[in-house]
Undergrad: 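Here you go, one structure.
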Amino acid sequence: MPELPEIETIRRDVDKEFVGKKIKRVEVTGARSVRRHPDASEFVARLEGRKVVGTVRRGKYLLMRLDNREVLVAHMGMSGQLLTATPKEPRPKHTHVVISFVAAGELRFVDPRTFGELFVAVPHALEEELAELAHLGFDPLEDQMAWTQFGQLLTARKTKLKPLIMDQHFIAGIGNMYADEILFAAGLRPDRSSETLTAQEIRRLYRSMVETLTEAVKHRGSSLADEQYRDLFGDIGAFQRLHNVYDREGEACPRCRSVISRVKYGGRSSFFCAHCQV
DNA sequence: ACGCCCGCCTGTAAGC
DNA sequence: TGCTTACAGGCGGGCG
């Protein structure tokens with residue numbers, strides 16, 4: 001379940017490994033992974049011969065800019081991985097797209113559950129934005145703002161905090177796992193209503209969001225027990241060791257030692273400390 | 001506007 | 001042991 005910190009980790013490594021490199025060949029063996037292109041060969045044709053000139057992240061989307069202004073967009077969904085490998089290494093099961101570079105090995109898209117996708121898009125002429133990503137809200141690390149401005153956005157809404165900070169139209173990049181960690185750090189319950197926050201709580205929420213995500217990037221993201229999340233080199237992250245509540249039902253709260261609760265909101269598990277979070 | 005639910009998927013684990 | 005069921009949850013869509 002890659003979220004913002006995992007995608008940012010992959011982006012930084014893709015930037016180092018593939019910027020300046022030319023795409024030699026593209027193989028699509030799983031058409032569902034390029035489903036925005038009704039014809040997979042059109043996806044291939046738009047990539048072959050192009051050079052990667054830069055990378056950008058928007059929420060959970062990784063963008064690889066090409067030398068003809070087009071952009072290769074990657075979204076991991078639940079189980080997508082971008083892995084670098086040499087052509088000789090055996091391809092893992094569920095390898096759906098392989099992009100071979102001149103003098104830089106392969107970039108493989110592996111995705112068992114096929115919720116993820118790759119597509120090529122063209123930015124608008126003047127603003128550099130992609131129509132495909134226009135629905136995304138602000139990026140918590142790229143679009144930092146005064147906490148008072150965040151408060152204005154927050155109190156304009158009347159909804160529970162957890163669904164709100166996970167709403168990609170509102171904030172881009174936070175999923176179920178980091179939402180729980182952020183809300184614990186802020187001392188706020190997941191079902192707290194957004195318009196009831198005091199100024200101090202708004203500031204704490206904003207700070208917790210930026211700090212939690214920044215720390216998670218420093219530790220190269222979180223890999224849970226299934227070790228589904230892997231970075232570009234196939235290695236797991238380290239931030240899961242620093243999780244306070246997520247996937248820690250029944251354990252002691254690191255702050256007050258009371259037992260961490262697990263509840264379901266809308267089919268999603270939420271972990272929180274009923275004592276620390278108000 | 002909000003809060004639900006479903007469908008899309010596969011791998012893993014728990015239950016009978 | 002072997003089958004069935006639940007669960008994991010990102011995201012778009014639908015419905016009340």
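All values derive from a computational prediction rather than experimental measurement. The chains referred to below are lettered A, B, ... by the order of the sequence lines, with proteins before strands, and numbering in each begins at 1.
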Undergrad: In terms of side-chain heavy atoms of Y246(A), which of dA8(C), dC2(B), dG10(C) is nearest?
TA: dA8(C)
Undergrad: How many whole angstroms separate atom CG of D111(A) from atom P of dG10(C)?
TA: 14 Å
Undergrad: Establish, with yes or no, whether the OP1 or OP2 oxygen of dC11(C) is under 4.0 angstrom from a side-chain nitrogen or oxygen of K60(A).
TA: yes
Undergrad: With respect to E117(A), which candidate in R36(A), H96(A), R35(A) satisfies the side chain to side chain donor-acceptor pair (under 3.5 Å) definition?
TA: R36(A)
Undergrad: If you look at every heavy atom in T9(A) and G221(A), which pair is closest and at what distance?
TA: OG1-N, 4.0 Å
Undergrad: Take atom CG of L224(A) and atom C1' of dG11(B), then tell me their distance rounded to the nearest Å.
TA: 15 Å
Undergrad: When we call it a touch if two heavy atoms are under 4.0 Å apart, what does S79(A) touch: a base, just sugar-phosphate, or nothing?
TA: nothing
Undergrad: So which nucleotide from dG3(B), dG12(C), dA8(C) ends up closest to the side chain of K160(A)?
TA: dG3(B)
Undergrad: Find the distance L164(A):CG to dA1(B):P and express it as a whole number of Å.
TA: 13 Å
Undergrad: Nearest heavy atom decides the nucleotide; on that basis, is Y265(A) or R268(A) closer to the 5' end of DNA chain B?
TA: Y265(A)
Undergrad: Anything under 30° is parallel, anything over 60° is perpendicular, the rest tilted; go ahead and classify H243(A) against Y178(A).
TA: perpendicular
Undergrad: Roughly, in whole Å, what's the span from CD in E195(A) to P in dA1(B)?
TA: 15 Å
Undergrad: Check this for me, if you would: do R157(A) and D167(A) make a salt bridge, where the nitrogen-to-carboxylate-oxygen distance has to be below 4.0 angstrom?
TA: yes
Undergrad: In terms of the nearest nucleotide of DNA chain B, which residue is placed more toward the 5' end: H94(A) or S194(A)?
TA: S194(A)
Undergrad: Could you provide the dot-bracket string of DNA chain B, using ( ) for intrastrand pairs, [ ] for crossing pairs and | for bases paired to another strand, with Watson-Crick or G-U pairs below 3.5 Å?
TA: .|||||||.|||||||
Undergrad: Please determine whether a side-chain nitrogen of the Lys or Arg among R46(A) and E70(A) lies less than 4.0 Å from a carboxylate oxygen of the Asp or Glu.
TA: yes
Undergrad: Is any side-chain N or O of K264(A) closer than 4.0 Å to OP1 or OP2 of dA8(C)?
TA: yes
Undergrad: F150(A) vs F138(A) aromatic rings, parallel, tilted or perpendicular, using cut-offs 30° and 60°?
TA: perpendicular
Undergrad: Return the nearest nucleotide to the side chain of R157(A); candidates are dC11(C), dC2(B), dC9(B).
TA: dC2(B)
Undergrad: Does a nitrogen or oxygen in the side chain of R32(A) sit under 4.0 Å from OP1 or OP2 of dC9(B)?
TA: yes
Undergrad: What verdict does the salt bridge (charged side-chain N to carboxylate O under 4.0 Å, His left out) test give for D139(A) and R57(A), after you've listed the backbone C-alpha separation in whole Å, the side-chain angles of each residue and the deciding distance to 0.1 Å?
TA: CA-CA 9 Å; D139(A) 187 286; R57(A) 184 190 51 73; 2.6 Å; yes
Undergrad: Nearest to the Y61(A) side chain among dT10(B), dA8(C), dC11(C), which nucleotide is it?
TA: dC11(C)
Undergrad: Under 4.0 Å between a side-chain nitrogen and a carboxylate oxygen: does that hold for R58(A) and D143(A)?
TA: yes
Undergrad: Are OP1 or OP2 of dC11(C) and a side-chain N or O of H135(A) less than 4.0 angstrom apart?
TA: no
Undergrad: Nearest of dC11(C), dC9(B), dG11(B) to any side-chain atom of K93(A)?
TA: dG11(B)
Undergrad: For DNA chain B, determine which residues of residues 166-190 of chain A have any heavy atom closer than 4.0 angstrom to one of its atoms, and list them numerically.
TA: none
Undergrad: With a 4.0 Å cut-off on N to O distance, would you call R91(A) and E27(A) a salt bridge?
TA: yes
Undergrad: Using the rule given for salt bridge (charged side-chain N to carboxylate O under 4.0 Å, His left out), can you reason through E201(A) versus R192(A), listing the C-alpha separation, both sets of side-chain angles and the distance that settles it, and then say yes or no?
TA: CA-CA 11 Å; E201(A) 287 173 328; R192(A) 182 74 180 273; 2.7 Å; yes
Undergrad: How many whole angstroms separate atom CZ of R113(A) from atom P of dT12(B)?
TA: 11 Å
Undergrad: Can you measure Y229(A) atom OH to dG10(C) atom P for me and round it to whole angstrom units?
TA: 15 Å
Undergrad: Thinking salt bridges, do R220(A) and D13(A) make one under a 4.0 Å N-O criterion?
TA: yes
Undergrad: As a test of reading the structure: which of dC11(C), dG11(B), dA8(C) is closest to the side chain of S269(A), going by heavy atoms?
TA: dA8(C)
Undergrad: Can you tell me the distance, in whole Å, between the CE atom of M78(A) and the C1' atom of dG7(B)?
TA: 14 Å
Undergrad: Given dG12(C), dC11(C), dC7(C), identify the nucleotide with an atom nearest to the side chain of H75(A).
TA: dC11(C)
Undergrad: Whole angstrom is fine here: how far is it from CG in L133(A) over to P in dG10(C)?
TA: 17 Å
Undergrad: Please measure how far the P atom in dC3(C) lies from the corresponding atom in dC9(B), and state the result in whole Å.
TA: 24 Å
